[in-house]
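The first residue of the sequence shown is numbered 1, and numbering continues consecutively from there. Atoms considered below: every heavy atom in the structure, side chains included; atoms not considered: hydrogens, waters and symmetry mates.
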Amino acid sequence: MGRTCHDSILSNDRVPTEPGTVQETSWDRIDRWLCEHAPRTFASLGPPAADKEIRASEQELGVTFHPDLISSLRRHNGAKGEAEAFRFSTHDRLLSVREIEVATGFLRDVAADLDEEEAECYWHHGYLQFGSYGSTADGLTIDCRHGRDCYGAIGRFFDEDGTSFGCANTLGAYLAKEADKLESGKEAGAVVFNGRLIWESAYAPHPQWGSADDPLPGPHTRLPALNLPGPAQPLRVGSLYGLQELGALVATLPREHVAEAVRKQMRRLAVETGLAKYTEVSSALDALDRGETVRPGQASPLGLRLRTVMAQADEHMDSLRRWAAEKMVHAAWGSPHQAICDIAATRSNLSLHWLAELHADLGHPPIPPIPDDHFWATLRNPDIDTSWYADRYGVCPVNGPVSLSAVTERAAVRGGCGGGAG
């Protein structure tokens with residue numbers, strides 16, 4: 001069960017960290033920020049770990065936990081959940097005592113055949129992993145080799161490279177840095193959406209090369225070809241994963257509603273990347289807003305402009321504007337469901353608030369929970385290919401989209417948390 005702000009901050013019966021330490025102060029700051037700005041993430045933090053559990057894990061691993069790690073576990077014994085779970089700015093989820101034991105044991109097995117020197121660089125018996133990226137073995141590491149100058153140092157393990165240190169000299173110092181980032185907000189990449197903390201980053205704008213007056217080349221000029229959409233195919237569910245809870249909205253809103261959001265998203269992307277400066281692009285966007293059909297073709301004015309921009313973007317090493325030109329093809333002539341996923345994926349590199357902006361462009365409907373396998377198995381939308389999920393769960397989907405009210409009602413029955421963007 002999730003914890004409330006009063007459970008950890010205002011209650012007098014919580015198990016404290018060492019009074020007056022950086023640990024205590026930093027966790028107080030982190031908890032207060034999450035409680036105020038990201039309550040769903042705060043609720044994922046576990047209660048204090050019992051000393052008995054910590055000692056048992058030390059005995060199992062044959063390592064004495066660093067006092068900073070013990071102090072932290074006495075405050076929060078990990079974080080539960082997936083998208084809602086508290087993660088450090090490295091995107092690593094805070095692990096519980098038991099999870100530390102399992103993750104560390106796995107890495108020890110991987111490094112079992114290494115000698116002392118090799119283990120130092122990859123994974124040493126005295127290292128403990130206390131934060132996990134999840135989809136890989138990557139994660140935050142603390143050096144628990146007592147008596148070494150590096151005792152208590154914080155590093156990070158990478159699957160391919162091994163362990164490197166330099167994140168902080170102590171866990172207390174590392175937590176202080178994390179608290180600083182949270183309190184700095186979006187300047188440090190700490191963004192809140194739907195009551196949960198998300199660490200985001202965005203590329204700095206590229207110099208505004210090119211001019212609206214640049215002439216179009218002739219139809220036979222050698223340019224990159226546009227990948228024009230073929231016959232419409234249902235979108236695979238995996239393409240919607242990156243939209244998180246908004247994936248459920250895209251999958252259930254009427255097709256026309258999604259198409260309208262595509263036009264708004266494409267205009268944002270065109271402005272952000274400098275693509276909107278070209279008359280052919282702005283005219284096409286205006287025509288789409290009026291409900292008019294934009295003629296496709298490699299040699300059409302819009303086609304030639306997009307192909308020219310793609311070639312110039314390669315010369316200027318501007319992948320974002322090239323991506324925008326490619327996404328314009330789907331926005332103008334492709335499936336709205338594919339287009340919304342492609343454009344949002346590109347905008348996630350440009351805007352810290354891309355999720356909130358996508359939600360706005362979808363019309364600010366109530367936000368359902370992040371969809372699970374059962375949601376996809378029971379989804380009925382001919383534009384979304386859910387056959388794998390339906391087969392797995394023995395469900396026979398019926399053509400026709402599910403209404404948004406049905407999704408939110410289902411979420412309420414299953415205990416989901418709706419709400420607006422933060």
Got more than 12 heavy atoms from elsewhere within 6.0 Å of [atom1], [X]?
{"X": "Asp113", "atom1": "CG", "answer": "no"}
{"X": "Gln298", "atom1": "CD", "answer": "yes"}
{"X": "Asn227", "atom1": "CG", "answer": "no"}
{"X": "Arg236", "atom1": "CZ", "answer": "no"}
{"X": "Arg290", "atom1": "CZ", "answer": "yes"}
{"X": "Gln208", "atom1": "CD", "answer": "yes"}
{"X": "Tyr122", "atom1": "OH", "answer": "yes"}
{"X": "Asp385", "atom1": "CG", "answer": "yes"}

Contact check, side chains of [X] and [Y], non-hydrogen atoms, under 4.5 Å:
{"X": "Glu53", "Y": "Leu73", "answer": "no"}
{"X": "Thr141", "Y": "Leu107", "answer": "no"}
{"X": "Lys186", "Y": "His353", "answer": "yes"}
{"X": "Leu306", "Y": "Leu226", "answer": "yes"}
{"X": "Gln244", "Y": "Leu246", "answer": "no"}
{"X": "Trp388", "Y": "Asp391", "answer": "no"}

Using ring centroids (six-membered ring only for Trp), state whether Phe165 and Tyr127 fall under 6.0 Å.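 So the answer is yes for these two rings.
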Look up atom [atom1] in [X] and atom [atom2] in [Y], then write down how far apart they are to the nearest 0.5 Å.
{"X": "Thr346", "Y": "Gln265", "atom1": "OG1", "atom2": "CD", "answer": "10.5 Å"}
{"X": "Thr25", "Y": "Ile30", "atom1": "OG1", "atom2": "CD1", "answer": "11.0 Å"}
{"X": "Glu260", "Y": "Leu288", "atom1": "CD", "atom2": "CG", "answer": "12.5 Å"}
{"X": "His330", "Y": "Ile343", "atom1": "NE2", "atom2": "CD1", "answer": "9.0 Å"}
{"X": "Asp138", "Y": "Ser132", "atom1": "CG", "atom2": "OG", "answer": "8.5 Å"}
{"X": "Arg347", "Y": "Leu358", "atom1": "CZ", "atom2": "CG", "answer": "8.0 Å"}

So Glu36 and Arg32, salt bridge (charged side-chain N to carboxylate O under 4.0 Å, His left out) or not? Walk me through it. CA-CA 6 Å; Glu36 179 179 355; Arg32 288 195 182 98; over 6 Å; no
Let me know which of [options] forms a side chain to side chain contact (heavy atoms under 4.5 Å, CB included) with [X].
{"X": "Val250", "options": "Leu240, Asp383, Asn381", "answer": "Leu240"}
{"X": "Asp286", "options": "Arg263, Arg267, Glu292", "answer": "Arg267"}
{"X": "Leu171", "options": "Leu140, Ile70, Asp68", "answer": "Asp68"}

Check [X] against [Y] and note the closest heavy-atom contact, atom names and distance.
{"X": "Cys144", "Y": "Leu128", "answer": "SG-CD1, 3.5 Å"}
{"X": "Ser282", "Y": "Ala276", "answer": "CB-O, 3.8 Å"}
{"X": "Arg305", "Y": "Asp214", "answer": "NH2-O, 2.6 Å"}
{"X": "Val258", "Y": "Pro336", "answer": "CG1-O, 3.8 Å"}
{"X": "Arg108", "Y": "Leu61", "answer": "NH1-O, 2.8 Å"}
{"X": "Ala103", "Y": "Leu95", "answer": "CB-CD1, 4.1 Å"}

Is it true that [Y] and [X] share a donor-acceptor pair across their side chains at a distance under 3.5 Å?
{"X": "Trp209", "Y": "Glu315", "value": "no"}
{"X": "His359", "Y": "Asn194", "value": "no"}
{"X": "Ser44", "Y": "Glu84", "value": "no"}
{"X": "Glu357", "Y": "Ser351", "value": "yes"}

Is the Tyr174 ring parallel, tilted or perpendicular to the Phe130 ring (thresholds 30°, 60°)?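 Answer is perpendicular, since the angle exceeds 60°.
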Would you call the rings of Phe86 and Phe88 parallel, tilted or perpendicular, where under 30° means parallel and over 60° means perpendicular?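 Rings of Phe86 and Phe88: perpendicular, over 60°.
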Is the backbone N or O of [Y] less than 3.5 Å from a side-chain atom of [X], with the two atoms forming a donor-acceptor pair by type?
{"X": "Thr104", "Y": "Gln129", "result": "yes"}
{"X": "Ser57", "Y": "Ile54", "result": "no"}
{"X": "Trp33", "Y": "Leu182", "result": "yes"}
{"X": "Arg322", "Y": "Asp314", "result": "no"}
{"X": "Trp333", "Y": "Leu228", "result": "no"}
{"X": "Arg74", "Y": "Pro48", "result": "no"}
{"X": "Thr221", "Y": "Gly218", "result": "yes"}
{"X": "Arg392", "Y": "Ala377", "result": "no"}

Go through Val191 and Leu355 one step at a time and tell me if the side chain to side chain contact (heavy atoms under 4.5 Å, CB included) criterion holds. CA-CA 10 Å; Val191 178; Leu355 276 169; over 6 Å; no
Checking ring pair (Phe, Tyr, Trp, His ring centres under 6.0 Å) against Phe157, which of Tyr133, Phe106, Trp123 comes through?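 Of Tyr133, Phe106, Trp123, ring pair (Phe, Tyr, Trp, His ring centres under 6.0 Å) with Phe157 is met by Trp123 alone.
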Does the pair Glu245/Arg40 count as a salt bridge with the N-to-O cut at 4.0 Å?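 Salt bridge between Glu245 and Arg40, a charged N being under 4.0 Å from a carboxylate O: yes.
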Start with the C-alpha distance between Lys181 and Ser89, add both sets of side-chain angles, then the distance that settles side chain to side chain donor-acceptor pair (under 3.5 Å), and finish with yes or no. CA-CA 8 Å; Lys181 291 177 181 178; Ser89 58; 3.0 Å; yes
Salt bridge (charged side-chain N to carboxylate O under 4.0 Å, His left out) between Asp161 and Arg156, intermediate numbers included: CA-CA 10 Å; Asp161 302 328; Arg156 195 161 188 274; over 6 Å; no
Go through it in stages, so that I can follow the logic: the residues are Arg295 and Thr293, the test is side chain to side chain contact (heavy atoms under 4.5 Å, CB included), and I'd like the CA-CA distance, side-chain angles, deciding distance and then a yes or no. CA-CA 6 Å; Arg295 184 172 66 88; Thr293 300; over 6 Å; no
Salt bridge (charged side-chain N to carboxylate O under 4.0 Å, His left out) between Arg29 and Asp180: does it pass, once the steps are laid out? CA-CA 9 Å; Arg29 293 167 61 196; Asp180 290 342; 2.5 Å; yes
As a quick check of understanding, evaluate side chain to side chain contact (heavy atoms under 4.5 Å, CB included) for Glu120 and Leu114, giving each step before the final call. CA-CA 9 Å; Glu120 183 89 21; Leu114 301 181; over 6 Å; no
